[in-house]
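If you're wondering where the values come from, they're calculated on a predicted model, not measured in any experiment.
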Protein chains: 2
Amino acid sequence: MSENGTLRRGRPGYDQQGILDVAVAAFIQYGYDATSMGVLADRLGLSKSAIYHHFASKDEILDRALDTALGALEGVLEETDAAGGRAGDRLDHVLRGAVHVLVDKLPYVTLLLRVRGNTEVERRALSRRRAFDKRVTALVSEAQAEGSLRSDIDVRVVERLLFGMINSIVEWYRPGGREDADKLADDVIAVALDGLRMPTSNRVQELLG
Amino acid sequence: MSENGTLRRGRPGYDQQGILDVAVAAFIQYGYDATSMGVLADRLGLSKSAIYHHFASKDEILDRALDTALGALEGVLEETDAAGGRAGDRLDHVLRGAVHVLVDKLPYVTLLLRVRGNTEVERRALSRRRAFDKRVTALVSEAQAEGSLRSDIDVRVVERLLFGMINSIVEWYRPGGREDADKLADDVIAVALDGLRMPTSNRVQELLG
DNA sequence: GGTATTACTAACCGATCGTTCAGTTAGTAT
DNA sequence: ATACTAACTGAACGATCGGTTAGTAATACC
């Protein structure tokens, strides 16, 4: 499954990444807990025990997958912080970046968003997620303070609704459909920032203050 | 668990609704597939087989729970259709109603939103959910056509993002917190319809056309 | 051909799964 | 006291679970 120019030693077959991709697809289809190693083996066309050559446990597969998703999302925040700028612009950048990560690593982020907390691996992932949310909330708060965003709604509610919308992408977005990642990011941000309603004259009056 | 004024015949203990409530709480905490009947029995303080007096199977518990959630959501649509009016107003009504259902039946709707499709019960629930979504999308489309909502974004994307936001409530809303259902509905609709951004003079110009 | 590397296997393990069965228990009604 | 109603039990079942073990298999390299 590793098709670089160099010849690989050893028996041809799946590598770790190949197993991981198939595992993640099964985990998001059936749920992690409902996906037995037997189902996974069937899906790979291997025996159950062959999987244990590549990963020590079912848990390790999950851990690796969640790390991929979280790493990408955290990367968006790092890159945004490094760039600096007004909070409103940085938030815009984070939202676009998040949408791109969701689209690029759809199966992995989908798995992450469905984590429950039954095992230590899951609890660690949830903890990293909470830290991510906290940093985004701080950014929203800054954007409210600088006047870019409305401040009549609690900052935590704002962050939750915003990422509720963005995260919903994993439930319905299909790559290769009508919308690519850029268009999707544009739409999400348009809805989030400017809303759905058409302006009325009353609204314009409100806006004029 | 049934504490009406009349005396109930039979041995005191849980009734079906009592078992169901505890089951749903466990299902949303651990996930349906990861909640064994043993875990549920522990939680109820009963034996595993006692559960089978009340419900024929684990599946039947799930079926009953999902029906509760779907029934409530479908009820919002029925009531809105019966009332009639402009599409924009009906959509507003559906959104408020949905938020209220989410808050009032939080555990049940939470369970519904996490259904995967592994069993016939789950697939039936997903089918009902799709029918619900389809009706809301039709309403959004009407509101776009009547000019209440922006029509530069695909109607299906709009419906998905909208309910993505609303449905996210089940992941973070805590009853008895700072926001009651009415305030929450107000906030959700404000964000959805009017967005998050503060107006700038460029925006006002755009709005003026 | 032999060695190193890497992927894969069948049989097995102890534990847990959802469910069944033949009972027992705790209340009300007569 | 007996019958009815409704809730509950321990033991057992066949199936499945995640994982282990002692191998086998297929390639590249020398």
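Remark: A:Phe55 engages no residue in a ring pair (Phe, Tyr, Trp, His ring centres under 6.0 Å) (not counting sequence neighbours).
For the pair A:Asp42 CG and D:dT16 P, the computed distance is 12 Å after rounding to whole Å. Nucleotide D:dG19 holds its C1' atom 16 Å from the CZ atom of A:Phe55, rounded to whole Å. When rounded to the nearest whole Å, the span between NE2 of B:His54 and C1' of D:dA6 equals 8 Å. Between B:Ile61 atom CD1 and C:dT19 atom C1' the separation is 12 Å, expressed in whole Å. Atoms CZ (A:Arg43) and C1' (C:dC8) sit 20 Å apart, rounded to a whole Å. Rounded to whole Å, atom C1' of D:dA7 lies 17 Å from atom CD of B:Gln17.
Closest to the side chain of B:Pro12, out of C:dA26, D:dC8, D:dT27, is C:dA26.
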Nucleotide-resolved protein contact map, nucleotides 9-18 of chain C, B/S/- at heavy-atom distance under 4.0 Å: BB------SB
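Ring centers of A:Phe27 and A:Tyr108: at least 6.0 Å apart, outside the cut-off.
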Audit row: B:Asp133, B:Arg129, salt bridge (charged side-chain N to carboxylate O under 4.0 Å, His left out) steps and yes/no: CA-CA 6 Å; B:Asp133 286 348; B:Arg129 252 192 91 191; 5.0 Å; no
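Ion pairing between a basic and an acidic side chain is recognised when a charged N comes within 4.0 Å of a carboxylate O; A:Arg116 and A:Glu122 show no such pairing. For B:Glu159 and B:Arg156, the salt-bridge test fails: no basic side-chain N is under 4.0 Å from an acidic carboxylate O.
At least one side-chain nitrogen or oxygen of A:Arg8 sits closer than 4.0 Å to the OP1 or OP2 atom of C:dA7.
Looking at A:Leu193 and A:Asp92, their side chains come closer than 4.5 Å, going by heavy atoms from C-beta outward.
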